[in-house]
Amino acid sequence: MARDNDITFHTRKWVRPEDLNANGTLFGGSLLRWIDEEAAIYAIIQLGNGNAVTKYMSEINFVSSAQQGDLIEMGLRATAFGRTSLTMRAEVRNMFTRQSILTIEKIVFVNLGEDGVPAPHGYTEITYDRDRVPREHLPRTQNDA
Ligand SMILES: CC(=O)SCCNC(=O)CCNC(=O)[C@H](O)C(C)(C)COP(=O)(O)OP(=O)(O)OC[C@H]1O[C@@H](n2cnc3c(N)ncnc32)[C@H](O)[C@@H]1OP(=O)(O)O
């Protein structure tokens, strides 16, 4: 796990043909899907709750791209723990060119209770461990029936 400028780069992706746009470079929609999932996993690990949802994403600044066959890596860092929210910063970079692909200054996740309403998470600091990872499945919802 590489750490750089306080951002921890966890996940790497291999840019495949299905991830390309009409220009033959990495499709922004694929990248945003990967980032949202990465941020959700980060929020679950930090808040100890599988029921955390994306609330807000600030401006997304695409500064360079990637081509088929490149490796990219995604990094996240919690920047603020609110009462029910967690704010983080994201960066994606190209492992081949060493260039930054994008940055997102602010991604906000909200911790939900079992009733689906924002609930206090009680945390104020980042964990680098697995101590908060939930140990049980989420309760089944009515939609699962
Ligand atoms: C991983 C995924 O992809 S999840 C799928 C996509 N996301 C969703 O479907 C979520 C849909 N949105 C919702 O259900 C609702 O907006 C909720 C439940 C998340 C939040 O409801 P709200 O009425 O905004 O809740 P509330 O006003 O209590 O705010 C909750 C927290 O979010 C923060 N917040 C609310 N709006 C914003 C905003 N625009 N920007 C930044 N933070 C915000 C608040 O400051 C508060 O944080 P705090 O408790 O740490 O101070």
Side-chain angles (χ1 to χ4, degrees), residues 1-23 25-68 70-95 99-145:
M1 189 185 302
R3 284 189 190 167
D4 192 21
N5 294 330
D6 284 335
I7 284 193
T8 309
F9 287 84
H10 293 275
T11 297
R12 291 162 294 181
K13 291 277 184 186
W14 188 29
V15 180
R16 300 186 299 175
E18 59 266 36
D19 303 316
L20 302 181
N21 58 30
N23 200 32
T25 58
L26 177 58
F27 178 50
S30 295
L31 190 48
L32 293 178
R33 181 163 52 85
W34 297 338
I35 291 170
D36 193 35
E37 181 175 351
E38 185 73 4
I41 293 168
Y42 187 84
I44 291 166
I45 291 170
Q46 293 300 325
L47 303 180
N49 180 6
N51 203 3
V53 290
T54 319
K55 175 62 188 172
Y56 174 83
M57 272 196 199
S58 67
E59 177 181 271
I60 299 162
N61 186 8
F62 287 92
V63 289
S64 74
S65 191
Q67 298 176 9
Q68 183 176 331
D70 286 357
L71 297 180
I72 67 162
E73 57 185 350
M74 298 187 282
L76 287 164
R77 167 97 184 172
T79 54
F81 285 83
R83 196 178 78 91
T84 66
S85 68
L86 170 67
T87 304
M88 53 190 108
R89 178 176 188 275
E91 180 171 2
V92 179
R93 63 188 183 189
N94 189 318
M95 292 176 71
Q99 286 184 312
S100 180
I101 293 176
L102 68 70
T103 53
I104 307 175
E105 286 304 320
K106 229 175 153 184
I107 302 177
V108 179
F109 269 71
V110 175
N111 183 69
L112 301 183
E114 283 184 19
D115 53 2
V117 171
H121 50 65
Y123 295 110
T124 56
E125 289 184 357
I126 297 174
T127 179
Y128 295 99
D129 225 325
R130 297 185 180 192
D131 52 323
R132 298 176 195 165
V133 173
R135 299 191 190 283
E136 291 173 4
H137 297 298
L138 280 173
R140 285 168 65 89
T141 65
Q142 286 176 333
N143 292 337
D144 296 332

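Counting starts at 1 for both ligands and their atoms, in listed order.
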Show me the short polar-atom pairs for ligand 1: any N or O of it lying under 3.5 Å from a protein N or O, with distances only.
residue, atom, partner, partner atom, Å
ligand 1, 3 (O), D36, OD2, 2.9
ligand 1, 3 (O), T54, OG1, 3.2
ligand 1, 7 (N), T54, O, 2.9
ligand 1, 16 (O), K55, NZ, 2.7
ligand 1, 24 (O), K55, NZ, 3.4
ligand 1, 47 (O), S85, OG, 3.3
ligand 1, 49 (O), T84, N, 2.9
ligand 1, 49 (O), T84, OG1, 2.6
ligand 1, 50 (O), R83, N, 2.8
ligand 1, 50 (O), T84, N, 3.1
ligand 1, 50 (O), S85, N, 3.0
ligand 1, 50 (O), S85, OG, 2.6

Practice task
For atom CZ of R16, decide whether the heavy atoms of other residues, nucleotides or ligands shown that lie under 6.0 angstrom number more than 12.
Solution key: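 Open.
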
Practice task
Assess whether atom CD of E18 is packed by more than 12 heavy atoms of other residues, nucleotides or ligands within 6.0 Å.
Solution key: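 Yes, enclosed.
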
Problem - Under the salt bridge (Lys or Arg N to Asp or Glu O under 4.0 Å) test, residues paired with R33 that sit two or more places apart - result: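 By the salt bridge (Lys or Arg N to Asp or Glu O under 4.0 Å) rule, R33 matches no residue at all.
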
Handout entry: Those residues that, when tested against T54, pass side chain to side chain donor-acceptor pair (under 3.5 Å) (two or more places apart)
Key =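 So T54 forms a side chain to side chain donor-acceptor pair (under 3.5 Å) with D36.
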
Exercise for the section: Could you grab the distance from atom CD1 of I35 to atom CG of L102, nearest 0.5 Å is fine? Expected result: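 Reported to 0.5 Å precision, the distance equals 4.5 Å.
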
Which pairs of donor and acceptor atoms, one on a side chain in residues 111-120, lie under 3.5 Å apart (sequence neighbours left out)?
residue, atom, partner, partner atom, Å
N111, OD1, N49, ND2, 2.8
N111, ND2, A119, O, 2.8
D115, OD1, V117, N, 3.1

